[in-house]
Novice: 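This structure is in structure tokens; I'll ask about it shortly.
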Amino acid sequence: MTEGEFQEFLITVGYRYNTKAKSAFNTFEGFRTIVEFNEKENRYTFFLAAGVKDIAALQNRLKQFASKNKEFNISAVYRDKRIRINVKMTIDSDIDREHLKEVTRFISSIQKSELIYPICRICSRNRKTGLYVVGRELVPMCDNCLTRKRRQYERRRDKFEKKKQNMPGGIAGAVFGAAAGAWVYILLYQFFSGFGVTSALIAFLCFAGFVVAGRRATRKSAVICMIIAVFAFAAAEYMALVASMAVLIEREGGGIAVSEAIFATNMSFKDQNYLMSILIESGIGIGVMIVVGIAYFLKRKYTRPLKISKNIL
């Protein structure tokens, strides 16, 4: 079932659709049932925030439902003050419609059974709730929790927006961090090569240096840090090879001869097998740094304050 078909179908069974959250929702006597369209995991997920009067009876009902509908039901559980039911997504829209109808009927029967009562998703208290889009998630909240969440959002938003970026300081911090990471990389390389994995230290310290000295991270700073980290890694990789060669020469009784180590290292690059191993190691190192960069970007994205919509009911 496509997202458009999902939206059109749920309207016919009394649900409304929110495009931003990619979820449908239904209200019944204070209950807020939410259905997510999760195309990545090939499933539809029903959520119902609820307190329980008889936990054993509710779990028995959920177990019976899951057992009876094994062909489409992945799981039906009550956890963290929510009923959660996962439904398999198939390639046949008509089959999906029948499965979703079955779940909506079951949810309705549970709501009417007096086994559960509606609660606020935040404080878990039996209070009148509205339904709000927090970031990209539908959340049933009472007025008290809404007020508190909005105050938190405003404080974090003001703190985030008033923080000015110091680009020159950030670049200096990134260079310092990358250099520190490069020296650690060279030192560790003398004990084990790590196949370039320890390059993560260069990227991490580079990004950390920018944040500490630059005060605020942006997409532009992420690109700058990645460029600095790659150059620092390339230099560290070469210096680590030279240092390793110098140690080898010293062990052979040649004394400490940096110029000889540099010459021997450069000559080693003419060996195709040796050069290929270094290129693979370098590729792994750059790949690891990209992963660190992605983690940095995701942290920046998910630590931004989440906007709270008006009540969509």
Side-chain angles (χ1 to χ4, degrees), residues 1 3-41 43-53 58 75-87 89 100 103-104 106-108 110-112 115-163 298-313:
M1 185 183 294
E3 186 179 351
E5 291 173 329
F6 172 77
Q7 178 179 353
E8 291 174 1
F9 164 71
L10 283 173
I11 290 173
T12 67
V13 290
Y15 283 69
R16 292 163 59 189
Y17 190 76
N18 183 273
T19 305
K20 185 175 182 180
K22 286 193 174 183
S23 303
F25 61 93
N26 171 267
T27 64
F28 175 77
E29 295 185 356
F31 290 104
R32 318 299 183 197
T33 306
I34 298 165
V35 194
E36 288 185 354
F37 179 81
N38 193 337
E39 191 172 15
K40 289 183 179 179
E41 297 183 12
R43 66 179 61 179
Y44 311 98
T45 304
F46 286 75
F47 295 100
L48 176 59
V52 183
K53 297 178 182 178
L58 175 62
S75 63
V77 296
Y78 177 75
R79 187 183 300 124
D80 191 25
K81 300 292 184 180
R82 284 199 300 183
I83 294 173
R84 177 174 180 151
I85 301 175
N86 287 314
V87 180
M89 184 182 293
L100 292 174
V103 179
T104 57
F106 175 71
I107 291 285
S108 180
I110 289 289
Q111 290 171 339
K112 297 174 183 177
L115 289 173
I116 61 175
Y117 54 90
I119 61 172
C120 168
R121 180 72 186 104
I122 306 302
C123 66
S124 299
R125 295 179 181 177
N126 186 3
R127 291 175 173 172
K128 182 179 179 181
T129 61
L131 193 60
Y132 305 88
V133 183
V134 182
R136 293 183 178 276
E137 181 183 5
L138 293 179
V139 181
M141 274 192 288
C142 65
D143 290 342
N144 289 346
C145 289
L146 175 65
T147 300
R148 186 169 67 253
K149 283 285 186 182
R150 281 192 168 150
R151 285 175 180 169
Q152 290 174 351
Y153 165 74
E154 288 168 1
R155 284 197 298 268
R156 293 187 65 193
R157 179 200 61 194
D158 292 343
K159 182 179 179 181
F160 186 85
E161 290 182 351
K162 290 178 181 178
K163 189 183 290 185
L298 291 176
K299 179 182 180 298
R300 175 183 173 273
K301 178 181 178 181
Y302 289 110
T303 54
R304 291 174 69 94
L306 299 177
K307 291 183 179 180
I308 304 173
S309 74
K310 294 180 180 179
N311 188 356
I312 64 174
L313 294 179

Novice: What's the shortest heavy-atom distance between Pro118 and Asn126, and which atoms?
Specialist: O-OD1, 3.0 Å
Novice: Is it true that the side chains of Asn86 and Ser75 contain a donor and an acceptor less than 3.5 Å apart?
Specialist: yes
Novice: Would a distance-only check, ignoring hydrogens and angles, find a side-chain to backbone donor-acceptor pair under 3.5 Å from Thr104 to Leu100?
Specialist: yes
Novice: In terms of heavy-atom contacts, does CD of Glu5 have more than 12 from other residues, nucleotides or ligands at under 6.0 Å?
Specialist: yes
Novice: Evaluate the side-chain proximity of Ser108 to Asn26: yes if any heavy-atom separation is below 4.5 Å, no if none is.
Specialist: no
Novice: Supply the atom-to-atom distance Leu58 CG to Ile110 CD1, rounded to the nearest 0.5 angstrom.
Specialist: 5.5 Å
Novice: Does a side-chain heavy-atom distance below 4.5 Å link Ile83 with Ile116?
Specialist: yes
Novice: So does Ile312 get a backbone contact from the side chain of Arg16, meaning a donor-acceptor N/O pair under 3.5 Å?
Specialist: yes
Novice: Within a strict 4.5 Å, meaning less than it, do heavy atoms of the Tyr17 and Glu3 side chains meet?
Specialist: yes
Novice: Counting only N and O atoms by type, is there a donor-acceptor contact under 3.5 Å from the side chain of Tyr78 to the main-chain atoms of Ala50?
Specialist: yes
Novice: Looking at every heavy atom in both Lys20 and Gly135, which two are closest together, and how far apart are they?
Specialist: CE-O, 3.1 Å
Novice: Look at atom CZ of Arg136 and say whether more than 12 heavy atoms of other residues, nucleotides or ligands are closer to it than 6.0 Å.
Specialist: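 Count not over threshold, so no.
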Novice: Indicate yes or no for a side-chain donor-acceptor contact from Asn311 to the backbone of Leu131 under 3.5 Å, with no hydrogens or angles considered.
Specialist: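 It does hold such a pair.
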Novice: Could you tell me whether the side chain of Thr33 reaches within less than 4.5 Å of the side chain of Phe28, counting heavy atoms only?
Specialist: no
Novice: Using a 4.5 Å cut-off on heavy atoms from C-beta on, say whether the side chain of Ile85 contacts that of Thr45.
Specialist: no
Novice: To the nearest 0.5 Å, what is the distance between CG (Asp80) and OG (Ser124)?
Specialist: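 These two atoms lie 7.5 Å from each other.
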Novice: I want to check something: taking the side chain as every heavy atom from C-beta on, are Thr129 and Met141 in contact at a cut-off of under 4.5 Å?
Specialist: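 No, too far: nothing below the 4.5 Å cut-off.
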Novice: Starting at CZ of Arg43, measure out to CD of Glu41 and round the result to the nearest 0.5 Å.
Specialist: 5.0 Å
Novice: What pair of heavy atoms forms the shortest contact from Val52 to Tyr117, and how long is it?
Specialist: N-CE2, 3.7 Å
Novice: Hey, is NZ on Lys53 packed in by over 12 heavy atoms from elsewhere, all under 6.0 Å?
Specialist: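 Yes, the 6.0 Å shell around NZ holds more than 12 heavy atoms from other groups.
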Novice: Supply the atom-to-atom distance Gln152 CD to Cys145 SG, rounded to the nearest 0.5 angstrom.
Specialist: 9.5 Å
Novice: Do Val103 and Tyr44 come close enough that some side-chain heavy atom pair is under 4.5 Å?
Specialist: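 A side-chain contact under 4.5 Å is absent here.
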Novice: Which atom pair, heavy atoms only, marks the closest approach of Cys120 to Cys142?
Specialist: SG-N, 3.4 Å
Novice: Testing the basics here: between Lys310 and Arg150, what is the closest heavy-atom pair and its distance to 0.1 Å?
Specialist: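 Looks like CA-NH2, 3.8 Å.
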Novice: With a 4.5 Å limit on heavy-atom distance, are the side chains of Phe6 and Val35 in contact?
Specialist: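 Yes. Closest side-chain heavy atoms under 4.5 Å.
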